[in-house]
Amino acid sequence: MQLETDLLHIGRPQSGPASVNPPVVRTSTVTFDSLAQMRDTKRRREQGERPFSYGRRGTPTTYALEDAVSRLEGAEQTLLTPSGVAAINLVLMTLARPGAQIIVADSVYQPLRRIVDGWLRPWGVRVDYFDGSVAHLQSLLTDDTCLVYTEVPGSLVYEMQDLPALAALTSAREIPLVVDNTWASGVLMQPLSLGATVSLMAGTKYVVGHSDVMMGSVSANGETGRRLREMAVTLGQSLSSDDAYLALRGLRTLACRMDAHGRHAEALGGWLCEQPRVARVHQPCRPEHPGHAWWQRDFRGSNGLLTLEFEREVSEAQVDTLVDSLHLFGIGSSWGGYESLALPCNVAAARSLSTEWSSRGPCLRLHIGLEAVEDLQADLVQAWQAVLR
C-alpha cells in the first residue's frame with residue numbers, strides 16, 4: 001500500500017469488535033500467570049522479540065507507535081525517546097567511543113553541537129566538522145572514524161547534501177552514517193533507503209503535529225537496531241503511553257498535513273522573494289537554492305519551513321520589530337505544529353566552518369502553518385508596511 005494509506009492502518013487493532021485507535025496502556029508492573037510464563041517472556045525478549053514485560057520497556061500503545069514510525073522510516077525497528085535531543089544522545093551513546101573520531105556536518109541542529117563539544121570532547125572523543133560535501137568528508141576520514149552524523153537539509157538555511165554519495169563513502173568503510181530526518185519526517189524522505197545506517201527524528205515536530213508532546217525516535221535495521229534498543233533500556237529511555245497515543249493520533253494525518261504545509265510555504269516563499277529588503281529566501285524547493293537538484297531527486301515534497309535573509313542594510317532591531325508586529329505568527333521555539341511561527345535566527349553563530357554569514361544580512365525563520373495563505377500574506381504585508389516600507 002501507499003505510505004499515506006499505511007499510516008492510517010498500521011498499529012491499529014486488527015480484529016473486532018475493537019476501538020479504532022489502540023487504547024492507552026498505563027503501567028509499570030506487568031503481572032504473569034506463572035513464573036514459567038514470566039521466564040518465557042524474558043527468554044523471548046533476550047532473543048530479540050518485543051513481548052509486553054515491563055512498562056519501561058514499552059507497552060502495546062508505544063509498540064503501536066514504534067511500528068508506525070518504522071513504516072514511516074522504512075526501518076526494521078524504532079526506539080522512542082522523551083525528546084529529539086534524547087534521541088540524539090541515545091545514538092551518540094551507542095555509536096561513539098572514547099579515543100575514536102566522529103565527523104559532524106557543520107549545518108546540524110545547534111543543540112547537537114553543545115552535546116559533542118561540551119560532552120563528547122571531554123569524554124575523549126575527537127570531533128571534526130565537515131561542510132557537507134563528499135570531498136571534505138573523505139579528507140577527514142581516518143582509520144578510527146566511528147560515526148558520521150549529518151542533517152538533511154541542514155538547520156536554519158537548509159543546505160542540501162548528496163546523501164547517497166555520503167552513504168556510499170561511509171558504507172565502503174563500514175562507518176555508521178546517522179541522519180537527522182526531522183525536516184522530512186519520513187513522509188518526504190527516508191534516509192535508510194538512501195544508504196544511511198540510522199535515521200532519527202524529533203517527533204515533537206511534524207509527527208505529533210499539534211505542539212503538545214515532546215518525543216524523539218531512532219530507526220535502524222539489523223545489529224545496529226539491536227544495539228540501540230539495548231542502550232535505550234540501559235539508559236532508561238522510554239516514552240509514556242499517553243504521549244505515544246497523542247503522537248499516533250497526529251501521525252495518522254501527517255501526510256496530508258505535510259502536503260498543506262509544503263503548498264502554503266511554497267506559495268509564500270515565491271511572494272516573499274519579491275518583497276523589498278529581502279536578499280533571498282532559503283527554501284530547498286526553490287530552483288535557485290543550492291542543492292535544489294538533490295532535493296528534487298531525493299525528496300517527495302517540501303515542508304513548512306523557510307528562512308528570509310534580509311539585505312545588509314536591514315538591522316536586527318528592525319527584524320525584531322517586524323516579528324513583534326505580526327498577529328497570526330506566534331513567537332516561539334520549535335516548529336512542525338499546525339500554527340505559524342516566526343523567529344529571528346543567527347546563522348553565523350551556528351556555523352564554525354563558514355565565515356561568509358558574518359557579512360550578510362539578518363535572517364528570519366518562518367514556519368508556515370495550516371492557516372489560509374491569504375491571511376498569512378496579509379499579516380506579513382501589514383508588518384512589512386509598518387517596519388520596512
Side-chain angles (χ1 to χ4, degrees), residues 107 109-111 153-159 182-183 202 204-206 209-211 257-258 260-290 292 302-351 354-389:
S107 57
Y109 179 51
Q110 201 164 7
S155 185
L156 300 183
V157 288
Y158 325 116
E159 298 95 331
T182 304
W183 191 96
T204 305
K205 297 178 170 63
Y206 282 120
H210 294 78
S211 301
R257 283 189 288 106
M258 192 71 88
H261 283 296
R263 286 187 287 103
H264 293 186
E266 287 189 48
L268 283 171
W271 175 77
L272 285 163
C273 281
E274 301 172 354
Q275 301 313 300
R277 317 301 292 276
V278 173
R280 59 187 56 84
V281 174
H282 296 274
Q283 199 176 18
C285 62
R286 301 204 58 74
E288 67 272 18
H289 190 281
H292 173 71
S302 193
N303 71 3
L305 285 171
L306 61 89
T307 296
L308 304 178
E309 179 187 337
F310 292 95
E311 296 172 348
R312 283 181 292 177
E313 292 73 22
V314 176
S315 68
E316 291 182 1
Q318 285 178 299
V319 176
D320 288 352
T321 303
L322 177 70
V323 171
D324 286 340
S325 300
L326 294 168
H327 302 306
L328 294 180
F329 288 80
I331 303 172
S333 300
S334 197
W335 40 268
Y338 59 82
E339 75 284 5
S340 293
L341 297 171
L343 198 66
C345 57
N346 188 336
V347 181
R351 302 289 185 272
S354 175
T355 59
E356 63 170 316
W357 284 100
S358 59
S359 62
R360 294 165 72 162
C363 288
L364 172 64
R365 187 185 71 186
L366 299 179
H367 176 255
I368 307 304
L370 302 181
E371 300 93 341
V373 171
E374 296 81 1
D375 293 331
L376 294 175
Q377 183 172 319
D379 193 23
L380 289 163
V381 166
Q382 64 82 25
W384 232 267
Q385 292 176 341
V387 180
L388 296 177
R389 61 179 182 273

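Under the ring pair (Phe, Tyr, Trp, His ring centres under 6.0 Å) criterion, Tyr206 pairs with His261, Trp335, His367, sequence neighbours left out. For Glu356, the side-chain contact (heavy atoms from CB on, under 4.5 Å) partners are Ser354, Arg360, not counting sequence neighbours. With sequence neighbours left out, Gln377 forms a side-chain hydrogen bond (donor to acceptor under 3.5 Å, both in side chains) with no residue at all. Under the side-chain contact (heavy atoms from CB on, under 4.5 Å) criterion, Arg312 pairs with no residue at all, not counting sequence neighbours. In this view, Ser315 and Ala317, Gln318 satisfy the side-chain contact (heavy atoms from CB on, under 4.5 Å) rule, not counting sequence neighbours. By the salt bridge (Lys or Arg N to Asp or Glu O under 4.0 Å) test, Arg351 is found to be paired with Glu159, residues two or more places apart in sequence or in another chain being considered. Partners of Glu311 by side-chain hydrogen bond (donor to acceptor under 3.5 Å, both in side chains), not counting sequence neighbours: none found. Every residue was checked against the side-chain hydrogen bond (donor to acceptor under 3.5 Å, both in side chains) condition with Ser325, not counting sequence neighbours, and none meets it. In this structure, the side-chain contact (heavy atoms from CB on, under 4.5 Å) partners of Ala342, at least two apart in sequence or on a different chain, are Val323, Leu326, Phe329, Leu364, Leu366. Under the side-chain hydrogen bond (donor to acceptor under 3.5 Å, both in side chains) criterion, Thr204 pairs with no residue at all, not counting sequence neighbours. Applying the salt bridge (Lys or Arg N to Asp or Glu O under 4.0 Å) test to Glu313 and every residue at least two apart in sequence or in another chain returns nothing.
When side chains are defined from C-beta on, Phe310 counts as touching Leu322, because their heavy atoms get closer than 4.5 Å. The shortest distance between side-chain heavy atoms of Trp183 and Ser302 falls below 4.5 Å. Taking the side chain as every heavy atom from C-beta outward, Ile331 and Asp324 approach each other to under 4.5 Å. In this structure, the side chains of Leu156 and Cys363 stay at 4.5 Å or more apart for every pair of heavy atoms. Side-chain contact between Thr182 and Tyr109 is absent, with no heavy atoms from C-beta onward closer than 4.5 Å.
A donor-acceptor pair is defined here as one N or O able to donate and one able to accept, closer than 3.5 Å; no such pair exists between the side chain of Trp357 and the backbone of Ala350. His264 places no side-chain N or O within donor-acceptor distance of the main-chain N or O of Gly304, the cut-off being under 3.5 Å.
Of all heavy-atom pairs spanning His292 and Cys285, the tightest one is CE1-O, 3.1 Å. Across all their heavy atoms, Pro362 and Val319 have their closest contact at CG-CG2, 3.8 Å. Considering all non-hydrogen atoms of both residues, Ser333 and Leu343 come closest at CA-CD2, 4.4 Å. Taking all atoms of both residues into account, the shortest heavy-atom contact from Leu306 to Ala265 is CD2-O, 3.6 Å. Contact between Gly337 and Ser211 at its shortest, heavy atoms only, is CA-OG, 3.6 Å.
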> How far apart are the C-alpha atoms of Arg280 and Arg286, what are their side-chain angles, what is the distance that settles it, and do they pass the side-chain contact (heavy atoms from CB on, under 4.5 Å) test?
Replying inline: CA-CA 10 Å; Arg280 59 187 56 84; Arg286 301 204 58 74; over 6 Å; no
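Under 3.5 Å, the side chains of Glu371 and Ser340 contain a donor-acceptor pair of N or O atoms.
Between His289 and His282, the ring-plane angle classifies as perpendicular under the 30° and 60° cut-offs.
Taking CD from Gln283 and CG from Asn303, the interatomic distance works out to 8.5 Å, rounded to the nearest 0.5 Å.
Screening residues 267-277 for side chain to side chain donor-acceptor pair (under 3.5 Å) gives no qualifying pairs among residues at least two apart or on separate chains.
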